Amino acid sequence: MDYQFREIENKWQRFWAENQTYKVKNSSDKPKYYVLDMFPYPSGAGLHVGHPLGYIASDIYSRYKRLKGFNVLHPMGYDSFGLPAEQYAIQTGQHPAVTTEENINTYRRQLDQIGFSFDWSREVRTSDPGYYKWTQWIFMKLFNSWYNQESEKAEPIDTLIAKFERNGSEGIIAVADDEVNTFSAADWKSFTEEEKQVELLKYRLTYLRESTVNWCPALGTVLANDEVKDGFSERGGFPVEQKKMMQWSMRITAYADRLLQGLNDIDWPEPLKEMQRNWIGKSVGALVRFSLTPNPSPGERGTAETGYKTADPALWDILKTHSRQNRKESTVAEDLLWQALRNSQTGFKIRRQHAIHTYIADFICLKKGLIIEVDGGYHASNKESDTLRTEALNRLGFEVIRFSNEEVISKTIEVTNAIRGKLETLPDRKIDETVSLSPGEGRGEAIEVFTTRVDTIFGVTFLVIAPEHELVERLTTPEHKDEIEAYIIQTKKKSELDRMADAKTVSGAFTGSYALHPFTGEQIPIWIADYVLAGYGTGAVMAVPSGDQRDWLFATQYHLPIVQILDAQKDLDKQGDPTKEGRYVNSHFLDGLKYKEATAVAVAKLEDLGKGKAKVNYRLRDAIFGRQRYWGEPVPVYFKGDLPHLIDESDLPLVLPEVDAYLPTESGEPPLGRAEDWHYSKVLPDGAHLEGSYELSTMPGWAGSSWYWYRYMDAQNDQEFASKEAIEYWKDVDLYIGGSEHATGHLLYSRFWNKFLKDVGYVIEEEPFKKLINQGMIQGRSNFVYRLFLDSAHYLKDNFELVQKEKPLLVSFNIADRILKGQMPPHEFKEILANQLGEDALLEFPIRTSLMVQHLHVDVNIVENDVLNLEKFKNFRPEFANAEFILESGKYICGVEVEKMSKSKFNVVNPDDIIERYGADTLRLYEMFLGPLEQSKPWNTNGIEGVFKFLRKFWKLFHDDQFNFRVSDQEPTKAELKALHKIIRQVEEDVERFSVNTSVSSVMICVNELTDLK
RNA sequence: GCUCAGAUGGUGGAACUGGUAGACACGCAGGACUUAAAAUCCUGUUCCCGUUAAAGGAGUGCGGGUUCGAUUCCCGCUCUGAGUACCA
């Protein structure tokens, strides 16, 4: 052989390894350049031919940058925590660490023989304790931080505690849980340590709270939103259901806006940025409050008298129902007090369980405007809502006094006297019908909707709330109860898929209740419908049928009014028209305005009235961070009671314990529940005793990959995740190459952690990956053979059975294709058969025939240029050993289809085989030559010969006919120099814009030219 | 439905800023070498018409437009791929 690729490649690969040619230092006179590949999960199947595509491109670019005088960091490692190793462990009992190690060795061997210029001294493995120590450390930093919306960054939790101590919760604007409490500095100081911790947990960037999670019973774990597709798990395709669980979460929503803004400053493919934008899903709109209004049932309306009808008219029905119920279910204390207060024993008329505006007061004297509340009754709840109630009622002109159950029971006389005293001193209440509440008051007693089109507010003709909405039960009037319940049952039965299939239809049910239009005070019916999602916005929408197609459908179906609000709206009898053009009509103070003005005016007016405000809504949810799995990073947390505490930093890494099996415990706890002594106990130098059981869930797959590029900068450091100097020098990734499938997972989480690490001062750059390229997916290219079934025995002398079982008939692609398309006239087919099988093989040819063709996958490795190797095929499928092959032009041509690469389709091409046959350089060159880097394309080994021939031709430029190395010191000719310089320039230009395929072809042209000149 | 990307020979693809469409390679056809095959080398290869050679016509998914000139820019449509989805 002339071109000995094996010898050449072995020689140089050994040289690079022995001399550590690609080891790079963290300091240099040269400018830095950081080229990163998405590190692989080392699966058992090893690399297939699609994996190295991106690695080859990045390797070419790294080598190019080195030649251009840069100090290039080009590392590689393994994302080695993950589900498959654990699933395998469950089946076989083999420790995932063992499987992982084996797989890594395979990967390493495969990567090495492709000849990459990685600096292996910096290798990382996310499952290595020396690595995950720092993943846990970052978790601790997140736990100890909160997001201050004033400074727009994360800050240490101590700064929040300091604020609480100074001013209580006042003036703090933070991204936190919805249910944070309001309290004064004095309140804070009076809190127990535990109460303080509970409150702080609502602010921490990683926190524990009960949340609805995607639970996958088959995998026995929760999944993040990006790990669920159409209601099934991305890995394995198991069904996923919603479940409430105590879970660790990451407050990524704090960074929603920065994650969105940052996209403008980075050089990423537009589709990828678009995916992230959609995932974050920012919508600018407004929150509008619709207060509730009664169902005007005739009986009630006529008898209501001003002095006594103190309830918000909206709520009369509902509140009345509740009042009655409360009276039936009254507490001992309430009954006692009622005995003392009833029948004007105090000299004043007292009412019991009476509706006031949107509340129900335990006892009330309407004349004096005094409300007496007994804690522990219907409204038994936390201090916060009591305070809110009191404030709201005060504003409505009522005085509120409050007694506890104990007080009423043990000191009934004193309590009664106190009430009488109060009644005697109070002036009569002024009856003011126009009372209204300001924003935030009477929470839960109005329906809040989120809308991006406040401008259409006068087109609202009904409200729709999600069937799961918390107000549904309270809003449903007795007459509509059956209907609503039936509808809820019906929607619950519907699966995700059904819902999607029904996307074009709408259904719903009327609650029987009404809300008040914030501007006109008109009554607006409240419906429930499953096209409104509980999880987005407030779970309630204002329906504007003239401006929204779904609302229009709903209105049409249930005969609700459709009000035109813009003169530009067209065809409202056929559709909803969401236009923003034209001027407003039927819209009171918005009439005549244009879209922009109308929006601004509407929002301003809502804010004036306290009925709403401008609001930005995000689709992005906080990321669930716990997995009920073994093979992941342990969470460095122990529990004292129900409260989580961090372990001491000096105890990192918290090493994954050994377990006897990798399954959940009998009581349903995660596998770590099986570990012995999984318990923390530590005495600090100051004498503090830390003790409790460790967290049982582990971190999700994306934890380790959310910061790994920093570890490469200083992989051996055991004092820091990377030294300040190293981070100072390398800063960020200049070029990142990887698949677009990580758009809403890894790439978003990494940006989030990076921003956090920047906020708390550990890293420098706001964005981690300056330029990103998605290499296209390599699809599989399957080959097929076609088996012909005859419906009669007339074709061959052998009988039918024989034909079918012992002599299968396989026809070449173009014949099969014509048969399938019905383009094969019987006489022509007869001729083909006769030619190939012999005239005497045929009996009389039937006039009517129907031929059935079955296509079968055939291993692409025994097909060359779509021509089947018959001998290899007979080995591959022994059942076809004695088959008859009907050829075309003397060959059996296989059919072709592009599919996903998978074993079952026999279309997997292993790089090892290619390297064995042609060498690594041919593989690398061919993968690049296949087409543009970013384009998805099927792997097709056809044509690899051309690249191989080119390499040989190139080699021959420097070798004589006897294959001896021969170059001369002669001056090159002008023509030779011209060819050389042309190629230098072209390759440079092409590589700069990652057009590697064209630079390969330029080099081919150059070699052709030089060969001609030789 | 929405968003994004794309559509060029038998195939993968090239044409970078509007300036000779089809580079480079595969495949195919013919030829040389060989007893033969493989390998290698040479020639041809967008389509149509035509041919000794030529000459001509059409052509970058479809229909329009801007321009001296359009694969490239604009408008409308068709199809393919990807993402996403009752997101208010």
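Small disclaimer: the values here were computed from a predicted structure and weren't measured. Labels below follow one simple rule: chain letters A, B, ... track the order of the sequence lines, proteins then strands, and each chain is numbered from 1.
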Starting from [atom2] on [N], measure out to [atom1] on [X] and report it in whole angstrom.
{"X": "A/Ile983", "N": "B/rC24", "atom1": "CD1", "atom2": "C1'", "value": "11 Å"}
{"X": "A/Leu272", "N": "B/rA82", "atom1": "CG", "atom2": "P", "value": "16 Å"}
{"X": "A/Lys937", "N": "B/rG6", "atom1": "NZ", "atom2": "C1'", "value": "14 Å"}
{"X": "A/Ile944", "N": "B/rG27", "atom1": "CD1", "atom2": "P", "value": "12 Å"}
{"X": "A/His469", "N": "B/rA88", "atom1": "NE2", "atom2": "C1'", "value": "13 Å"}
{"X": "A/Asp990", "N": "B/rA23", "atom1": "CG", "atom2": "C1'", "value": "12 Å"}
{"X": "A/Glu989", "N": "B/rA14", "atom1": "CD", "atom2": "C1'", "value": "15 Å"}
{"X": "A/Phe948", "N": "B/rA38", "atom1": "CZ", "atom2": "C1'", "value": "14 Å"}

Nearest of [options] to any side-chain atom of [X]?
{"X": "A/Tyr536", "options": "B/rC86, B/rC4, B/rC87", "answer": "B/rC87"}
{"X": "A/Lys949", "options": "B/rC24, B/rU40, B/rA88", "answer": "B/rU40"}
{"X": "A/Asn1008", "options": "B/rC24, B/rC87, B/rG83", "answer": "B/rC24"}
{"X": "A/Pro932", "options": "B/rA88, B/rA85, B/rG13", "answer": "B/rG13"}
{"X": "A/Asn997", "options": "B/rA15, B/rA14, B/rC26", "answer": "B/rA14"}
{"X": "A/Met1004", "options": "B/rA25, B/rA14, B/rC4", "answer": "B/rA25"}
{"X": "A/Tyr531", "options": "B/rG13, B/rC86, B/rU3", "answer": "B/rC86"}
{"X": "A/Thr998", "options": "B/rU3, B/rA15, B/rA88", "answer": "B/rA15"}
{"X": "A/Arg993", "options": "B/rC86, B/rC26, B/rA15", "answer": "B/rA15"}
{"X": "A/Phe929", "options": "B/rC24, B/rC4, B/rA85", "answer": "B/rC24"}

Taking the ring centre of each residue, are A/Tyr61 and A/Phe994 less than 6.0 Å apart?
yes
Residue-phosphate contact under 4.0 Å: [X] side-chain N/O, [N] OP1/OP2:
{"X": "A/Arg952", "N": "B/rU40", "value": "yes"}
{"X": "A/Arg550", "N": "B/rC87", "value": "yes"}
{"X": "A/Lys956", "N": "B/rU40", "value": "no"}

When the side chains of residues 612-620 of chain A are checked against the rest of the protein, which donor-acceptor pairs come out under 3.5 Å, sequence neighbours left out?
residue, atom, partner, partner atom, Å
A/Tyr618, OH, A/Asp257, OD1, 2.9
A/Arg619, NE, A/Asn278, O, 3.2

Audit row: A/Thr998, A/Ser995, side-chain hydrogen bond (donor to acceptor under 3.5 Å, both in side chains) steps and yes/no: CA-CA 6 Å; A/Thr998 53; A/Ser995 175; 2.5 Å; yes
Requested in this report: Evaluate the ring planes of A/Phe519 and A/His517, with Trp represented by its six-membered ring, and classify them as parallel (under 30°), tilted (30 to 60°) or perpendicular (over 60°).
Outcome: tilted
Parallel, tilted or perpendicular: which one describes the rings of A/His746 and A/Tyr736, with boundaries at 30° and 60°? perpendicular
Backbone N or O of [Y] within a donor-acceptor pair of the [X] side chain at under 3.5 Å?
{"X": "A/Lys273", "Y": "A/Leu263", "value": "yes"}
{"X": "A/Trp268", "Y": "A/Phe769", "value": "yes"}
{"X": "A/Gln569", "Y": "A/Pro578", "value": "no"}
{"X": "A/Asp548", "Y": "A/Asp551", "value": "yes"}
{"X": "A/Thr456", "Y": "A/Arg453", "value": "yes"}

Can you tell me how far [atom1] in [N] sits from the matching atom in [M], rounded to whole Å?
{"N": "B/rG13", "M": "B/rU60", "atom1": "C1'", "result": "13 Å"}
{"N": "B/rG69", "M": "B/rG65", "atom1": "C1'", "result": "15 Å"}
{"N": "B/rG22", "M": "B/rA15", "atom1": "P", "result": "13 Å"}

Give [X] one of three labels, base, sugar-phosphate or nothing, depending on what nucleic acid heavy atoms sit under 4.0 Å from its own.
{"X": "A/Glu270", "result": "nothing"}
{"X": "A/Pro269", "result": "nothing"}
{"X": "A/Asp551", "result": "nothing"}
{"X": "A/Phe950", "result": "nothing"}
{"X": "A/Gln549", "result": "nothing"}

Note: contacts of residues 773-785 of chain A with RNA chain B (heavy atom, under 4.0 Å) are none
Assert: residue with more 5' nearest nucleotide on RNA chain B, out of A/Asn940 and A/Arg453, is A/Asn940
5'-most contact on RNA chain B (nearest-nucleotide basis), A/Ile1005 vs A/Ser283, goes to A/Ile1005
TODO: Could you walk me through whether A/Phe948 and A/Tyr926 pass the ring pair (Phe, Tyr, Trp, His ring centres under 6.0 Å) test, one step at a time?
DONE: CA-CA 8 Å; A/Phe948 183 67; A/Tyr926 186 60; over 10 Å; no
The glycosidic conformation of B/rG9, counting syn as within 90° of 0 and anti otherwise, is syn
Base-paired stretches in RNA chain B with three or more consecutive Watson-Crick or G-U pairs, both distances under 3.5 Å, amount to B:1-7 with B:78-84, B:10-12 with B:24-26, B:27-32 with B:40-45, B:46-48 with B:56-58, B:61-65 with B:73-77
Ring pair (Phe, Tyr, Trp, His ring centres under 6.0 Å) with A/Tyr558: of A/Phe462, A/Phe510, A/Trp527, only one passes, and it is A/Trp527
